[in-house]
Amino acid sequence: MYHPTTRLLTILELLQARGAMSGVELAARLEVDVRTVRRYITMLQDMAVPIESERGRHGCYRLRPGYKLPPLMFSLDEAVAITFGLLITRRLGLGIDPVSVEGALAKLERVLPAEARAPVHAIEEVLQVEMQLPDRGPEQQVVAILSQAVQRQHAVLLHYRALNGAETERAVDPYGVLYRNGFWYMAGYCHLRQDLRAFRLDRVVDVELGMDSFVRPPQFDLLDFIEESISQAPGLWQVEVLLYVSVAEARRIIPRAVGAPQAHGDGALLRAHVQSLDWFAYFLAGLDCPLKVLGPSEARAALQQLANKLQNMADDSK
């Protein structure tokens, strides 16, 4: 749980680390509103902390040049958060040297007060993190460059290898970077295709930060776009399924990456692009609603084969 003192110290750390930040940025980091940030800034200024403010459209807060915070200190909550982050970093498939993670954990432990070392050390020793990972993740540098490009709103030159092995050079305006279910993605405007595109970062051969700037659409929903792109990716099969529930209920139980059910008579029609009909049969069998596979016939056969298999298993269990 945050306390006002913790938030005040966090503001100081952020301003010293970043040089200048707007009230909106600070509010997002602290999970409070902008008015609360202004109140915290006033409290710090009343304590003689030299925070200067600039008004206007691009207004921000900054520490007076030359001001330095006391030596680095962490609360127990901060230390636990950093430890969790470092342990999870090992499993993100970014090619980060495990020695670097161990070094960071060791440095963290050195600056902790004695009462905080025991719980943090226990987490390091006991916690196991299991996450779904692809066979090959992106290079750490790819994620770093794309993140900078998104933040600065600068285009990038992308050398990209598609699923079929074809390689292209593309100028892209990157709108966001996403980690989802074991894979890293970037979405943005592709000047080669003249449209929005999603890219798997493990297929990026090389990336360079460009100088051309762009304006990110303010209402762009990164997760929604990536999941829609996944659902529309070409598959070996396009399956149509009629779900005998409302559209709202269908969209609740069908992951966005599988498809977006549409109204159809008294139910909802799902069109899904899938690589494996056997997998899709298992998926449909797990849905808690009546349904009918409209096509293709191979999809109905896969579902029937699964039903027969389950029936045989049930009979053998008697």
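Numbering starts at 1 and runs along the sequence shown.
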* Asked: Is M21 reachable from V24 through a run of hydrophobic residues whose side-chain heavy atoms are each under 4.5 Å from the next?
  -> no

* Side chain to side chain, R29 and L14, heavy atoms closer than 4.5 Å -> yes

* **salt bridge (Lys or Arg N to Asp or Glu O under 4.0 Å) contacts touching residues 261-272 (sequence neighbours left out)** => E240-R271

* Structure fact -> Separation between CZ (F199) and CG (L201), nearest 0.5 Å, reads 10.0 Å

* **Pairwise side-chain contact, F280 with V258, heavy-atom cut-off 4.5 Å (strictly under)** => yes

* To do: With the side chain counted from C-beta on, respond yes when V207 and Q141 share a heavy-atom pair under 4.5 Å apart, and no when they do not.
  => no

* Considering all heavy atoms of both residues, which atom of E208 and which atom of I145 are nearest to each other, and what is their separation? -> C-CG2, 4.5 Å

* Would V49 and L8 count as a side-chain contact (heavy atoms from CB on, under 4.5 Å) if you check the C-alpha gap in whole Å, the side-chain angles of each, and the deciding distance to 0.1 Å? -> CA-CA 11 Å; V49 177; L8 294 179; over 6 Å; no

* Asked: Does any non-hydrogen side-chain atom of W184 lie less than 4.5 Å from one of V142?
  -> no

* Taking the side chain from Q45 and the backbone from I51, do they hold a donor-acceptor pair closer than 3.5 Å? -> yes

* Asked: Would L303 end up clustered with W237 when hydrophobic side chains under 4.5 Å apart are linked, directly or stepwise?
  -> yes

* For the pair E249 (side chain) and S246 (backbone), establish whether a donor and an acceptor sit closer than 3.5 Å, ignoring hydrogens and angles. => no

* Asked: Got a second to check how far L146's CG is from Y185's OH, nearest 0.5 Å?
  -> 15.0 Å

* Please round to the nearest 0.5 Å and tell me the distance separating atom CZ of R300 and atom CG of L277. => 11.5 Å

* Any salt bridge between R64 and E52, counting N to O under 4.0 Å? -> yes

* Asked: Who are the salt bridge (charged side-chain N to carboxylate O under 4.0 Å, His left out) partners of R35, not counting sequence neighbours?
  -> none

* To do: Measure the shortest side-chain to side-chain distance between P217 and Q219 over non-hydrogen atoms and say whether it is less than 4.5 angstrom.
  => no

* **same_hphob_cluster(W279, I253) at 4.5 Å side-chain heavy-atom cutoff** => yes

* **Separation of L310 CG from L306 CG (nearest 0.5 Å)** => 4.5 Å

* Should R256 and S231 count as side-chain neighbours, where that means a heavy-atom distance under 4.5 Å? -> yes

* Asked: Taking only residues two or more places apart in sequence, or in another chain, which ones meet Q304 in a side chain to side chain donor-acceptor pair (under 3.5 Å)?
  -> N308

* To do: Check whether any side-chain heavy atom of E139 lies under 4.5 Å from a side-chain heavy atom of V204, and answer yes or no.
  => no

* To do: Looking only at non-hydrogen atoms, find the nearest pair between C289 and L243 and report the distance.
  => SG-CD2, 4.1 Å

* **Check: T83 side chain, A79 main-chain N or O, donor-acceptor pair, under 3.5 Å** => yes

* At their closest point, which heavy atom of A162 faces which heavy atom of R203, and how far apart are they? -> C-CD, 4.4 Å

* Minimum heavy-atom separation for F225 to A198, with atom names? -> CE2-N, 3.9 Å

Could you pull out every donor-acceptor pair under 3.5 Å between side chains of residues 152-160 and any protein atom, sequence neighbours left out?
from, atom 1, to, atom 2, distance (Å)
R152, NH2, Q148, OE1, 3.2
Q153, OE1, R216, N, 2.8
H159, NE2, E167, OE1, 2.7
Y160, OH, R200, N, 3.0

* Y244, V241: one ILVMFWY side-chain cluster at the under-4.5 Å cut-off? -> no

* Asked: Which heavy atom of H273 sits nearest a heavy atom of A233, and at what distance?
  -> CB-O, 3.3 Å

* Structure fact -> To the nearest 0.5 Å, atom CD1 of I226 lies from atom CD of E228 at 10.5 Å

* Same cluster for L242 and V274 if Ile/Leu/Val/Met/Phe/Trp/Tyr side chains link at under 4.5 Å? -> no

* Asked: Does the side chain of L12 reach to within under 4.5 Å of the side chain of L63, using non-hydrogen atoms?
  -> yes

* Asked: If every non-hydrogen atom of F214 is compared with every non-hydrogen atom of P174, which pair is closest and at what distance?
  -> CZ-O, 3.0 Å

* Asked: Is the centre of the Y175 ring less than 6.0 Å from the centre of the Y189 ring?
  -> no

* To do: Sequence neighbours left out, what passes side chain to side chain donor-acceptor pair (under 3.5 Å) with Y282? Give chain and number order.
  => K309

* For V37 and Y61, run side-chain contact (heavy atoms from CB on, under 4.5 Å): C-alpha distance rounded to whole Å, both residues' side-chain angles, the deciding distance at 0.1 Å, then the answer. => CA-CA 10 Å; V37 169; Y61 297 106; 4.3 Å; yes

* Does the side-chain contact (heavy atoms from CB on, under 4.5 Å) test come out yes or no for R251 and Q262, once each step is laid out? -> CA-CA 9 Å; R251 291 182 176 178; Q262 304 296 323; 3.4 Å; yes

* To do: Give, for atom CD of Q194 and atom CG of L192, the distance between the pair rounded to the nearest 0.5 Å.
  => 8.5 Å

* Let me see the working for L294 and L269 under side-chain contact (heavy atoms from CB on, under 4.5 Å), right down to the final yes or no. => CA-CA 9 Å; L294 302 180; L269 180 65; 3.7 Å; yes

* Sequence neighbours excluded, which residues qualify as salt bridge (charged side-chain N to carboxylate O under 4.0 Å, His left out) partners of D288? -> none

